[in-house]
Amino acid sequence: MERTFDFLGPEVSGADRDRVAVIPVPVEWSASYGRGTARAPQAILDASMQIEFYNSALDLDLEKTGIVTLREKIAGKDDLVSFVRAHRDYFRETFPCFLGGEHSITPWILEGLGYESLGVVWLDAHADMREQYLGEKESHACAARNSLPFGKLVQIGVRSYSSEERDFLRGCDGTRVFGWWSEGAWEAIRRLPDPVYLSIDFDAVDPSILRAVGTPEPGGLQWDELMDLLSFVFENKRVVAMDAVELCPKERDETSDFIAAKIVYEAISRHIRKELRREA
Ligand SMILES: [Mn+2]
């Protein structure tokens with residue numbers, strides 16, 4: 001495994017310990033429409049170099065806060081589960097942020113992390129609750145369903161699903177699904193057990209903000225809503241790990257790569273702000 005400082009740059013290294021580990025997971029094998037998400041982790045890392053170390057929205061300086069990038073060859077489920085499992089203790093001390101790749105990686109990460117039970121906040125345009133998709137049970141379209149064994153879910157931004165998924169959701173008490181960031185969603189997040197895992201599918205965000213995703217859907221989260229949501233989750237729950245998946249970098253749309261990097265940065269900033277406050 002290689003340790004680098006490819007998220008934001010070497011200036012964010014230098015703490016006495018790793019506070020955040022960014023882990024590229026360029027896994028792509030079941031994408032159904034727009035392809036190219038395997039290139040997303042590198043595109044996000046490249047774009048992150050353009051972001052200020054000082055987060056002016058939070059009045060937080062990320063210089064020397066201990067953000068490291070861990071590069072490991074991860075080709076699929078077995079690699080990912082065993083990598084996460086092998087570093088389980090480290091990931092209890094250091095906040096891991098996995099950059100997909102396909103959404104399929106989320107249940108694999110949850111398996112590797114091995115928490116007895118957790119809450120999962122799942123931002124997504126799609127329910128991802130299919131039993132199988134194109135004959136494949138590990139598809140990105142089944143990722144939320146495959147995460148149910150690991151904890152209770154709250155899904156936000158969901159605005160597209162099949163009638164099969166609707167029927168399944170009606171009888172499923174493992175998740176609560178919201179189309180919008182609303183009072184009901186706050187309450188559902190409050191009721192989730194701790195610790196919490198945060199999964200961000202970039203298609204949860206409105207395509208007017210970020211359009212380079214495999215399966216874009218209109219009517220998604222606006223920027224301010226997403227920032228408010230992230231603040232709410234990190235303030236009210238003990239978030240211990242996250243992923244950000246399904247960016248599909250397109251030529252002539254570097255804006256999407258930058259916005260994706262900025263979303264990751266805003267989430268990581270909220271984690272670091274909380275840690276620094278606790279240490280003070
Ligand atoms: Mn998804």
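When a ligand or atom number is given, it counts from 1 through the structure's own listing order.
Looking at E235 and R273, a side-chain N of the basic residue comes within less than 4.0 Å of a carboxylate O on the acidic one, giving a salt bridge. Using a 4.0 Å cut-off between charged side-chain N and carboxylate O, R17 and E93 make no salt bridge.
Distances from the Mn ion (ligand 1) to the N/O/S atoms of D124 are shortest for OD2. The Mn ion (ligand 1) sits nearest to atom OD2 when only the N, O or S atoms of D128 are considered. Within D201, OD2 is the N, O or S atom that lies nearest to the Mn ion (ligand 1).
A cation-pi contact, defined as under 6.0 Å to the ring centre and within 45° of the axis, links R145 to F168.
Contact annotation: D203 places no N, O or S atom under 2.8 Å from the Mn ion (ligand 1). The Mn ion (ligand 1) has H103 among its coordinating residues (N/O/S atom, backbone or side chain, under 2.8 Å). Among the atoms of E246, no N, O or S atom is found under 2.8 Å from the Mn ion (ligand 1).
Between L99 and L45 there is a side-chain heavy-atom pair separated by less than 4.5 Å.
The aromatic rings of F232 and W181 sit perpendicular, their planes meeting at an angle over 60°, well past the 30° parallel limit.
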